[in-house]
Enquirer: 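Below you'll find the structure I mean.
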Amino acid sequence: MADNKPIQPPTGTRDLYPIEAARRRFITEAWRRASINHGFEEVDGPTFESTELYTKKSGEGIVSEIFGVFSGKDEQGVKALGEKLARGEDAPAPYALRPEFTPTLARMYAARAASLPKPTKWFTAGPFFRAERPQRGRLREFLQWNCDVIGLALPEKPTAEDVARATAQADAEVIAACVGLLRELGLTENDFKVRINDRRAMGAVFEKGGVVPEAYPALFAHLDRIGKLAPEVWRTEASKLGVPDTLQLWFLNTMQLADNRDQSQFAGEMTGTLAALFSVWSESLAPIRKQLEAAGIPSGVIVEDVKIVRGLAYYTGMVFEVIVDGERAVAGGGRYDNLIELFGGPSTPAVGFGMGDVVLSLVLQDKGLMPSDAELMQIAGQSPDVFVISNGTPEADAALPSVLADLRRGTRESRGRDSLHARRTSKTTKNVGKLLQEAERSGAHFAAIVESSGEVTLKNLRTREQDQARTPIASLKAEVLKRLGRMDRGS
RNA sequence: GCGAUCGUAGCUCAGUUGGUUAGAGCACCGGGUUGUGAUCCCGGGGGUCACGGGUUCGAGUCCCGCCGAUCGCCCCA
């Protein structure tokens with residue numbers, strides 16, 4: 001007897017039925033549109049990479065959350081790995097499903113750096129994989145949209161000021177693309193905040209505050225938890241990292257400041273060393289704020305936040321997260337000025353961000369911004385242009401297949417723009433009323449009732465207006481194209 | 001890796017202190033005497049009650065195990 005137990009989709013993956021596929025398409029189309037309108041060009045890379053690409057320059061913990069991939073042709077390799085593992089040695093798979101895009105991007109840029117414009121603006125959107133425990137807003141397979149600006153537009157002999165301005169401009173450019181998308185989807189400035197920080201600024205504060213450089217990475221990680229831990233607990237840990245009391249106090253004060261509307265007043269309460277540290281920090285964030293405001297991002301949306309440090313080791317400057325209340329970060333990114341060089345390219349500053357589809361979908365649902373099912377099918381291009389119905393006579397039944405085929409046929413000259421989405425029923429009933437009902441439910445724009453081998457009656461299902469006169473089958477397609485307003489090109 | 005909650009039809013869920021053959025709505029298919037549709041009426045298919053044990057005369061219901069899902073912790077590229 002056969003084992004009929006259904007095989008379920010792997011943990012953290014999704015089966016997308018038509019309406020869910022349409023929902024995903026709605027998001028990816030918005031991503032494409034926003035990035036193209038902001039001047040980014042689409043690129044893409046492999047969905048699996050050599051594991052080295054991620055282990056080389058990333059931290060240790062990352063490997064454990066990578067999905068390993070083996071070649072089915074490499075039996076010996078697999079066996080060798082098995083033996084290593086049996087001995088308790090580290091044995092990563094030779095390939096990894098990509099957990100992020102930035103390393104691929106860095107490699108791609110490095111390989112052609114000499115011939116690429118400065119700046120180069122690339123975007124990509126596709127599937128990524130992380131072997132984490134799924135929970136709200138987090139799955140093991142997800143889509144991620146990335147926008148990156150690589151290189152800076154600089155004069156022949158740039159001054160430090162030129163570099164700083166170009167840097168802030170590029171930083172603002174990626175954030176503007178990200179915010180542009182959110183606004184296009186209907187989120188307003190009341191719905192989200194762009195929380196920004198700067199790793200170099202933090203470094204300067206650490207230095208002035210008396211922390212040894214060796215402790216910086218651990219301190220960045222610890223700062224990530226400042227809002228989650230009780231202040232006393234956080235301070236105890238900070239002390240262990242060699243953070244002086246004054247600096248601890250500054251972190252706690254400044255953290256609250258990020259959530260306090262009246263920043264100037266709060267800042268005014270800091271005196272002496274605290275105030276000095278604060279100006280080091282805030283002054284280095286001033287240029288990026290200025291550029292963001294110039295890019296049309298409302299000042300109320302921008303929040304300087306000492307908590308935002310990002311886990312990734314490769315960030316070197318500005319870092320940011322876009323937070324929608326009640327959800328985890330919907331997007332995050334930052335500046336990584338050393339990474340291109342690390343992949344064998346010329347020293348090139350770069351900045352970028354990623355946005356996942358999982359949290360974004362939750363946000364759109366929370367805010368009621370996800371279009372209705374019917375709208376989605378239309379947006380995804382799945383509503384038929386014409387639903388062809390036979391009037392039930394043998395003559396019409398016989399003519400129907402060729403009517404359908406003709407409507408569907410596209411020509412190379414028009415690049416398929418003259419091809420129509422045409423459907424017919426698969427039901428056996430000849431009840432025209434029922435078939436019209438089916439046509440309407442399919443979301444079709446027109447119904448074409450085949451009357452004979454030579455004529456149809458057209459009905460606009462949106463307006464419910466039916467033609468008095470019949471249309472010859474020979475001119476049906478042209479007539480429908482005309483009524484759909486698609487005759488403006490070619491011919 | 002840890003914790004909490006939950007698994008009955010494709011979906012949303014009923015199902016009494018354990019008691020005949022497990023139900024509804026939606027969806028799907030067909031019909032309402034062969035041509036005009038959102039309503040309505042009639043009919044139909046579809047469930048080894050996640051899976052495996054146990055208690056019992058009898059288990060969807062109680063107990064144990066297991067798998068899965070959701071939410072949270074850890075982590076977050």
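Every heavy atom of this structure was used, including side-chain atoms; hydrogens, water molecules and symmetry mates were not. Below, chains carry the letters A, B, ... as their sequence lines are ordered, and counting in each starts from 1.
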Enquirer: Between B:G72 atom P and A:Leu362 atom CG, what is the distance in whole Å?
Expert: 10 Å

Enquirer: Examine the base of B:C75 for any acceptor or donor lying under 3.5 Å from a partner atom in the side chain of A:Arg130, and report the outcome as yes or no.
Expert: no

Enquirer: What nucleotide, of B:C76, B:G35, B:U39, holds the atom closest to the side chain of A:Glu132?
Expert: B:C76

Enquirer: Please give the distance between the C1' atoms of B:G7 and B:U61 as a whole number of Å.
Expert: 14 Å

Enquirer: If we take the C1' atom in both B:C73 and B:U17, what is their distance in whole Å?
Expert: 39 Å

Enquirer: With 3.5 Å as the limit, what N/O pairs link the protein to nucleotides 66-68 of chain B?
Expert:
none

Enquirer: Looking at every strand, decide which applies to A:Arg310 at a 4.0 Å heavy-atom threshold: base, sugar-phosphate, or nothing.
Expert: sugar-phosphate

Enquirer: Once hydrogens and angles are ignored, does a donor-acceptor distance under 3.5 Å link the base of B:A77 to the side chain of A:Arg98?
Expert: no

Enquirer: Could you tell me the separation between the CD1 atom of A:Ile389 and the P atom of B:U34, rounded to a whole number of Å?
Expert: 18 Å

Enquirer: What contact category does A:Asn391 fall into here, base, sugar-phosphate, or nothing, at under 4.0 angstrom with non-hydrogen atoms?
Expert: base

Enquirer: Find the distance A:Leu458:CG to B:U36:P and express it as a whole number of Å.
Expert: 18 Å

Enquirer: Under 4.0 angstrom, heavy atoms only, what part of the nucleic acid is A:Leu435 near: base, sugar-phosphate, or nothing?
Expert: nothing

Enquirer: What is the distance, to the nearest angstrom, from the CG atom on A:Leu229 to the P atom on B:C74?
Expert: 8 Å

Enquirer: Do we get A:Arg335 above A:Tyr315's six-membered ring, with its NZ or CZ under 6.0 Å from the centre and within 45° of the axis?
Expert: no

Enquirer: Taking only nitrogen or oxygen atoms into account, show me every contact under 3.5 Å that the protein makes with nucleotides 43-46 of chain B, one pair per line with its distance.
Expert:
none

Enquirer: With a non-hydrogen cut-off below 4.0 angstrom, is A:Gly392 in contact with a base, only sugar-phosphate, or nothing?
Expert: nothing

Enquirer: When all nucleic acid strands are considered with a 4.0 Å heavy-atom cut-off, which category describes A:Gln144: base, sugar-phosphate, or nothing?
Expert: nothing

Enquirer: Dot-bracket for RNA chain B: what is it, with Watson-Crick or G-U pairs under 3.5 Å, [ ] where a pair crosses earlier ones, and | for a pair to another strand?
Expert: (((((((..((((.....[...)))).(((((.......)))))......((((..]....)))).)))))))....

Enquirer: Run the salt-bridge test on A:Lys240 and A:Glu237 with the 4.0 Å N-O cut-off and return the result as yes or no.
Expert: yes

Enquirer: When rounded to the nearest Å, what value does the distance between P atoms of B:C63 and B:G18 take?
Expert: 10 Å

Enquirer: What pairs of nitrogen or oxygen atoms, one from the protein and one from nucleotides 4-8 of chain B, lie under 3.5 Å apart?
Expert:
none

Enquirer: For A:Thr316, what residues pass the side chain to side chain donor-acceptor pair (under 3.5 Å) criterion, not counting sequence neighbours?
Expert: none

Enquirer: Counting only side-chain heavy atoms from C-beta out, which of B:C75, B:A77, B:U70 sits nearest to A:Ile66?
Expert: B:A77

Enquirer: Using atom names, set out every protein N or O paired with an N or O of nucleotides 28-31 of chain B below 3.5 Å, distance rounded to 0.1 Å.
Expert:
from	atom 1	to	atom 2	distance (Å)
B:C29	OP1	A:Lys427	NZ	3.0
B:C29	OP2	A:Lys427	NZ	3.0
B:G30	OP1	A:Thr428	N	3.1
B:G30	OP1	A:Thr428	OG1	3.4
B:G31	N7	A:Lys434	NZ	3.3

Enquirer: Does the cation-pi check pass for A:Arg107 over A:Phe343, that is, NZ or CZ under 6.0 Å from the six-membered ring centre and within 45° of its axis?
Expert: no

Enquirer: Quick check for you: among B:A38, B:G35, B:A77, whose closest atom lies nearest to any side-chain atom of A:Pro99?
Expert: B:A77

Enquirer: Report yes or no: is there a donor-acceptor pair, N or O only, under 3.5 Å between the side chain of A:Gln135 and the base of B:U70?
Expert: no

